[in-house]
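The first residue of the sequence shown is numbered 1, and numbering continues consecutively from there.
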Amino acid sequence: MNHSTHVFPAIPTQLTGQSLVSHAGLSVLTSFLNAVDFRRLCEDRFSQFVPATATHRPGKILGALALSLAAGGEQATDIDQLRAAPGLFGSVASDATISRFMGRIKEQPEAFSYGFATMTRSLRSKVWNAAGPRNPARLATAANPLIIDLDASLVHVHSEKENSAGTYKGGYGFSPMIAMADYGKGHGTGEVLAVQLRPGNRGANSAASHIEVLGQALAQLPDDFYDEHRSLRGEKILVRTDSAGSSREFLHHLDSLGIQFSTSYSLPVLKERFIRWIDQKKYWEPALDANGDQRDDAWVIDATKVLELRQYPPGTRIYLRAEPLHPGAKANLFDTDGNRVTAFLTNAPRFNVAFLDARHRARGRCENRIKTLKSTGLGKLPYWSFAANQAWADLAMFALNLVAWLQLAALPGGHGASVWDLKRWRYRLFSMAGKIVSGGRQRRLLIPVRAPEGQLLCQLQEGIGVLFQRWRRGELAA
């Protein structure tokens with residue numbers, strides 16, 4: 001008869017010298033970095049940041065930092081988790097080596113930013129091309145363009161840092177402007193194109209910041225978005241923002257580039273007769289939910305002929321949406337019949353009101369990417385130097401994009417893991433335990449056969465191996 005009152009088995013713990021690995025699932029990212037020739041790309045762009053005779057080259061330093069952030073690390077010293085498994089991650093740079101590397105970045109921030117931007121663009125072009133029919137560049141058309149979301153966020157700090165400032169929420173820190181690519185719900189979680197670190201007192205509605213970060217994002221797009229004269233094919237891109245991006249200056253800039261836009265809009269003070277017109281829902285049509293099904297409690301309408309838009313780009317239209325107030329929401333002047341009325345502007349060459357509204361509301365996905373980006377390193381900037389913190393933000397972006405590229409190129413379409421958030425990747429795959437064994441002059445990583453995602457790890461390794469061979473044989477353009 002069992003008289004134990006323990007909830008779980010009580011097993012004695014002791015240390016061992018066996019080759020056990022606590023983050024064996026990260027092997028898919030190490031294999032992916034090897035397959036895309038990450039070491040050569042980094043050596044070409046960052047060799048000036050390490051001594052010529054240095055043992056730890058830029059590719060190994062940046063790759064290890066990115067792996068640490070992808071696994072949940074919050075500071076450079078968290079790289080010791082990789083250092084504890086040399087059989088899987090090789091020789092990992094010491095904390096002092098990392099510190100000296102970041103110190104050189106502080107001295108040459110422009111060189112690092114340029115090298116990092118060109119490196120990520122090269123990798124993105126290579127991975128997108130390997131995605132085959134799911135290549136976002138190939139799927140982008142004027143009717144279904146690649147969507148670039150722009151949004152600002154707040155990163156609070158608890159100590160004095162260079163260029164940190166008070167925020168409008170009463171906090172202290174930075175207000176980064178972020179550009180993200182959303183290539184559809186069925187093709188992955190999307191990726192981050194650019195992160196522009198800014199002082200905390202910079203406004204979210206700054207047209208100059210929107211224009212600058214958009215320029216950085218457009219520079220990240222593959223050659224498919226440019227013609228033979230290197231002119232941007234703006235009709236294949238749609239920029240989506242909240243109301244902070246609805247300034248006339250920014251929208252005219254988009255129009256000059258031929259880029260489509262969809263931006264939230266703050267309604268002006270309306271006349272009483274217009275408010276009564278809102279109540280008459282017979283003029284409206286049902287809105288669509290995220291799955292494309294009609295809703296019976298939300299409506300949309302083209303109000304371009306009713307609301308006059310002045311000094312906006314030609315072809316700009318305004319659409320309204322009415323839906324019930326959320327519990328606890330306070331009604332304003334326009335919510336006369338218990339429905340919240342919101343608006344957005346667009347110049348898209350499509351006129352299906354419900355479709356345009358559903359596409360604009362999908363902008364909420366970018367909030368998930370920002371949340372993930374913060375948990376990948378952006379939320380805790382470890383350095384005093386602004387240049388070093390900008391480099392850290394770039395590394396956080398790269399760590400997030402590694403997983404996004406893995407979903408896009410190494411997984412088959414429709415796979416359940418292709419829409420996993422990074423937090424789920426960490427729990428289900430990256431934290432998987434393993435053991436390294438040697439035999440027949442080879443080392444092998446053993447994964448428990450009962451591991452829930454063991455088959456996924458093997459599938460990813462197989463897919464990465466196929467990609468590597470295709471790149472090696474020249475079957476896929478680099």
Next on the checklist: Are the side chains of I105 and M102 in contact, using a 4.5 Å heavy-atom criterion?
Outcome noted: yes
Checklist entry - So, S153 versus K374: side-chain donor-acceptor pair below 3.5 Å or not? => result yes
Item to check | Carboxylate-amine/guanidinium proximity below 4.0 Å for D182 and R240 | outcome: yes
Checklist outcome for this item: Those residues at least two apart in sequence (or on a different chain) that pass side chain to side chain contact (heavy atoms under 4.5 Å, CB included) with A111 are Q48, F49, Q108
Checklist entry - Side-chain contact, heavy-atom cut-off 4.5 Å: E235 with P145? => result no
Item to check | NZ/NE/NH1/NH2 to OD/OE distance under 4.0 Å, R40 and D37 | outcome: yes
Checklist entry - Can you name the closest pair of heavy atoms from A152 and S175 and give their distance? => result CB-OG, 4.3 Å
Checklist entry - With distance as the sole criterion, is a donor-acceptor pair present between the side chains of S209 and R198 under 3.5 Å? => result yes
Item to check | F46 and F112 aromatic ring geometry - parallel, tilted or perpendicular at 30°/60° bounds | outcome: tilted
Checklist entry - Between the main-chain N or O of S375 and the side-chain N or O of K380, is there a donor-acceptor pair closer than 3.5 Å? => result no
Next on the checklist: Looking only at side-chain N and O atoms, does T346 offer a donor or acceptor that is under 3.5 Å from a partner on Q260?
Outcome noted: no
Next on the checklist: If we count only N and O atoms by modelled type, under 3.5 Å, do the side chains of S264 and H360 hold a donor and an acceptor together?
Outcome noted: yes
Next on the checklist: Applying side-chain contact (heavy atoms from CB on, under 4.5 Å) to T97 and I61, what does each step give before you reach the verdict?
Outcome noted: CA-CA 9 Å; T97 301; I61 295 175; 4.2 Å; yes
Next on the checklist: For R248, I'd like to know if atom CZ has over 12 heavy atoms of other residues, nucleotides or ligands within 6.0 Å.
Outcome noted: yes
Next on the checklist: Would you say CZ of F225 has more than 12 non-hydrogen atoms from neighbouring residues, nucleotides or ligands within 6.0 angstrom?
Outcome noted: yes
Checklist entry - Side chains of S243 and S246: is there a donor and an acceptor less than 3.5 Å apart? => result no
Item to check | Whether over 12 other heavy atoms sit under 6.0 Å from R472 CZ | outcome: no
Item to check | F89 side chain reached by L26 side chain, heavy atoms, under 4.5 Å | outcome: yes
Checklist entry - Taking the six-membered ring where the residue is Trp, are the ring centres of H23 and F430 under 6.0 Å apart? => result no
Checklist entry - Under 30°, 30 to 60°, or over 60°: which ring-plane class applies to W420 and W425, parallel, tilted or perpendicular? => result perpendicular
Item to check | Residues which pass salt bridge (charged side-chain N to carboxylate O under 4.0 Å, His left out) with R134, listed by chain and number, not counting sequence neighbours | outcome: none
Checklist entry - Should R369 and E191 count as an ion pair when the cut-off is N to O under 4.0 Å? => result no
Item to check | R359 and S262 side chains, donor-acceptor separation under 3.5 Å | outcome: no
Checklist entry - Are Y226 and S231 linked by a side-chain donor-acceptor pair shorter than 3.5 Å? => result no
Checklist entry - Strictly by modelled atom types, are Q461 and S31 linked by a side-chain donor-acceptor pair under 3.5 Å? => result yes
Checklist entry - So does D421 pair up with K371, basic N to acidic O under 4.0 Å? => result no
Checklist entry - Are any of the side-chain nitrogens in R363 or D151 under 4.0 Å away from the carboxylate oxygens of its partner? => result yes
Checklist entry - Should S68 and Q81 be marked as a side-chain hydrogen bond (donor to acceptor under 3.5 Å, both in side chains) after you check the CA-CA gap, both sets of side-chain angles, and the distance that decides it? => result CA-CA 8 Å; S68 176; Q81 291 284 349; over 6 Å; no
Next on the checklist: Could you check whether any side-chain heavy atom of L460 comes within less than 4.5 Å of a side-chain heavy atom of L456, counting everything from C-beta outward?
Outcome noted: yes
Next on the checklist: Between F38 and F398, is the ring-ring contact (aromatic ring centres under 6.0 Å, His included) condition met? List the steps.
Outcome noted: CA-CA 12 Å; F38 183 70; F398 181 65; 5.4 Å; yes
Checklist entry - Is any side-chain heavy atom of L221 less than 4.5 Å from a side-chain heavy atom of I237? => result yes
Next on the checklist: Looking at R100 and D95, is there a salt bridge between them, counting it only when a charged N and a carboxylate O are closer than 4.0 Å?
Outcome noted: no
Checklist entry - What heavy-atom pair brings P176 and V195 nearest, and what distance separates the two atoms? => result CB-CG1, 4.3 Å
Next on the checklist: Show, in sequence, the C-alpha distance, side-chain angles and deciding distance for I147 and M180, and conclude whether the side-chain contact (heavy atoms from CB on, under 4.5 Å) test is met.
Outcome noted: CA-CA 8 Å; I147 296 174; M180 298 150 281; over 6 Å; no
Item to check | Side-chain heavy atoms of Y183 within contact of L139, under 4.5 Å | outcome: no
Checklist entry - Hey, mind stepping through R121 and D223 against salt bridge (Lys or Arg N to Asp or Glu O under 4.0 Å) and telling me if it holds? => result CA-CA 10 Å; R121 184 183 187 272; D223 290 338; 2.7 Å; yes
Checklist entry - Where do V50 and P58 come nearest, in terms of heavy atoms and distance? => result CG2-CD, 3.7 Å
